[in-house]
Engineer: 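To start, I am sharing the structure in question, which I have written as structure tokens.
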Amino acid sequence: MAVLLRALLGVCLVLTATGGLTQDKKSGAEVTVAGAADLSAALKEIGELYEQKTGVKVKLSFGASGALTQQIQNGAPFDLFFSADMDYPRQLIAAGEADGASLYQYAVGKLVLWVPANSPLDLEHQGMNVLLDSSVKKIAIANPQHAPYGRASVAALKHAGVYDRVADRLVLGENVAQAAQFVESGNAQVGFVAMAHAVAPGMHDAGKYWEVPAEDYPPLAQGAIVLSRSKHKKEAAEFLEYVKSKEAADLLKRYGFK
């Protein structure tokens, strides 16, 4: 009987330990991140590096910052939000949807004009004036109603004094990534996209770009924040700390972020 009791006790201890390990693995297995569309290449690479280092999977969902903010306000189960501006994170803080103490400006984005590699448009010498070329029938931008890069594009056009002359040729992408797709697919001859898209693998050799002067539009200061509804706040904070590291910062610089 004593032997049987000891055996049963051993089985119970093994089951308890196994259950604990499973629970620990499950609770720290992944972080769900809502990311601005300009981060689609850079944040994916950062997430992969982080997973290799920690075993924590980073699940990514990209879109226009304003659209993602609405999803968060409607209860979307994200742990972290990487916005293409600082305003949307501050809106979430004001609404009690995010932890104000976690707000971090991780980068400043850059706006560029992008055309396919075989385009006859001379971006290098003409810059914004290529938009006035008779061959340009459509100009792609992100929707300024909910995309910071779209608002930056409108500001740059107005600064250059050409907005009224090209407004009827603007085609709006849901986000800056879709604006880039419009040009890639030939549905627009030129587009305003993020520098991060222009230098990303696949896009770098497919087109050429001209960097819009930074003084022509409000700074694209980009902020990240831990969300109040997160069920993995510790893991979210740890991933955000990694984004602050030199390794992650160097990767963001490689994608054209300041």
Side-chain angles (χ1 to χ4, degrees), residues 31-51 53 58 60-69 72 78-93 98-114 141-142 144 146-153 155-156 175-180 192-201 203-204 209-227 236-258:
V31 175
T32 305
V33 179
D38 66 322
L39 292 168
S40 56
L43 198 56
K44 182 175 182 290
E45 195 169 335
I46 288 173
E48 289 171 350
L49 286 171
Y50 187 72
E51 184 175 353
K53 288 177 174 294
V58 181
L60 300 168
S61 181
F62 296 104
S65 297
L68 291 172
T69 297
I72 292 164
F78 297 120
D79 298 305
L80 276 161
F81 175 37
F82 282 75
S83 177
D85 70 2
M86 298 293 286
D87 291 337
Y88 286 123
R90 288 180 179 127
Q91 286 180 28
L92 293 172
I93 293 169
D99 174 13
S102 69
L103 180 60
Y104 173 67
Q105 181 181 316
Y106 61 89
V108 177
K110 296 179 184 178
L111 183 69
V112 303
L113 273 178
W114 191 88
I141 70 170
H146 49 239
Y149 276 87
R151 291 193 286 275
S153 302
N175 52 60
V176 72
Q178 190 175 63
F192 286 91
V193 308
M195 170 79 84
H197 287 130
V199 301
M203 284 277 284
H204 182 266
Y209 68 88
W210 174 76
E211 186 174 345
V212 179
E215 59 270 20
D216 290 4
Y217 57 93
L220 285 160
Q222 306 196 188
I225 198 161
V226 176
L227 300 172
E238 288 172 350
F239 178 64
L240 187 54
E241 278 301 310
Y242 175 68
V243 173
K244 299 176 185 180
S245 71
K246 184 180 185 301
E247 183 175 48
D250 287 346
L251 192 150
L252 286 168
K253 287 177 185 175
R254 180 155 54 82
Y255 277 93
F257 292 100
K258 288 195 293 184

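Heavy atoms only: backbone and side chains are in, while hydrogens, waters and symmetry mates are out. Index from 1, following the sequence.
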Engineer: Could you go through the side chain to side chain contact (heavy atoms under 4.5 Å, CB included) check for Glu45 and Leu251 one step at a time?
Structural biologist: CA-CA 8 Å; Glu45 195 169 335; Leu251 192 150; 3.5 Å; yes
Engineer: What's the shortest heavy-atom distance between Ala84 and Asp38, and which atoms?
Structural biologist: CB-OD1, 4.1 Å
Engineer: Considering all heavy atoms of both residues, which atom of Arg254 and which atom of Val199 are nearest to each other, and what is their separation?
Structural biologist: O-CG2, 3.9 Å
Engineer: Taking the six-membered ring for Trp, are Phe239 and Phe82 parallel (under 30°), tilted (30 to 60°) or perpendicular (over 60°)?
Structural biologist: perpendicular
Engineer: Provide the closest heavy-atom pair for Gly256 versus Met195 in the form atom of the first, atom of the second, distance.
Structural biologist: CA-CG, 3.6 Å
Engineer: Quick check for you: to the nearest 0.5 Å, what is the distance between Gln91 atom CD and Ser65 atom OG?
Structural biologist: 10.5 Å
Engineer: What do the steps show when you test Phe257 against Gln222 for side chain to side chain contact (heavy atoms under 4.5 Å, CB included), and what is the final call?
Structural biologist: CA-CA 10 Å; Phe257 292 100; Gln222 306 196 188; 3.8 Å; yes
Engineer: Would you say Arg90 and Leu103 make side-chain contact, with heavy atoms under 4.5 Å?
Structural biologist: yes
Engineer: Quick one: are Tyr104 and Leu240 in side-chain contact, heavy atoms under 4.5 Å?
Structural biologist: yes
Engineer: Is there side-chain contact between Ser40 and His197, with at least one heavy-atom pair below 4.5 Å?
Structural biologist: yes
Engineer: Drop me the distance from Ile93's CD1 to Asp99's CG, to the nearest 0.5 angstrom.
Structural biologist: 8.0 Å
Engineer: Under the salt bridge (Lys or Arg N to Asp or Glu O under 4.0 Å) test, which residues partner Glu211, sequence neighbours left out?
Structural biologist: none
Engineer: Do Ser61 and Val33 have side chains that approach each other closer than 4.5 Å (heavy atoms only, starting at C-beta)?
Structural biologist: no
Engineer: Calculate, to the nearest 0.5 Å, the distance between atoms OG and CD belonging to Ser83 and Gln105 respectively.
Structural biologist: 11.0 Å
Engineer: When the ring centroid of Phe192 is compared with that of Tyr149, is the distance short of 6.0 Å?
Structural biologist: no
Engineer: Could you walk me through whether Leu43 and Phe62 satisfy the side chain to side chain contact (heavy atoms under 4.5 Å, CB included) test, starting with their C-alpha distance in whole Å, then the side-chain angles of each, then the deciding distance to 0.1 Å, before giving a yes or no?
Structural biologist: CA-CA 10 Å; Leu43 198 56; Phe62 296 104; 4.2 Å; yes
Engineer: With a 4.5 Å cut-off on side-chain heavy atoms, are Tyr242 and Leu49 touching?
Structural biologist: yes
Engineer: Say you draw a straight line from OH of Tyr255 to CG of Leu252; how long is it, rounded to the nearest 0.5 Å?
Structural biologist: 10.0 Å
Engineer: Quick check on Lys258: does its NZ atom have over 12 non-hydrogen neighbours (other residues, nucleotides or ligands) under 6.0 Å away?
Structural biologist: no
Engineer: Looking at Lys44 and Leu60, what are the two nearest heavy atoms and their distance?
Structural biologist: CA-CD1, 3.5 Å
Engineer: Minimum heavy-atom separation for Pro89 to Ile225, with atom names?
Structural biologist: O-CD1, 4.1 Å
Engineer: Answer yes or no: are there more than 12 heavy-atom neighbours, outside Tyr209 itself, under 6.0 Å from its atom OH?
Structural biologist: no
Engineer: Within a strict 4.5 Å, meaning less than it, do heavy atoms of the Asn175 and His146 side chains meet?
Structural biologist: no
Engineer: So, do Asp79 and Leu227 sit near enough that their side-chain heavy atoms are less than 4.5 Å apart?
Structural biologist: no
Engineer: Determine whether Val212 and Tyr217 satisfy the following criterion, side chain to side chain contact (heavy atoms under 4.5 Å, CB included), listing intermediate values before the conclusion.
Structural biologist: CA-CA 9 Å; Val212 179; Tyr217 57 93; 3.9 Å; yes
Engineer: Is the shortest distance from a Lys or Arg side-chain nitrogen in Lys53 or Glu48 to a carboxylate oxygen in the other one below 4.0 Å?
Structural biologist: no
Engineer: State, with a plain yes or no, whether a side-chain heavy atom of Ile72 is found less than 4.5 Å away from one of Leu92.
Structural biologist: yes
Engineer: Quick check: closest heavy atoms across Ile141 and Gly150, and the distance to 0.1 Å?
Structural biologist: CD1-O, 4.4 Å
Engineer: Kindly say whether Tyr88 contributes a backbone atom to a donor-acceptor pair with the side chain of Asp85 at under 3.5 angstrom?
Structural biologist: yes
Engineer: If you measure from CD on Glu238 to OH on Tyr50, what distance do you get to the nearest 0.5 Å?
Structural biologist: 5.0 Å
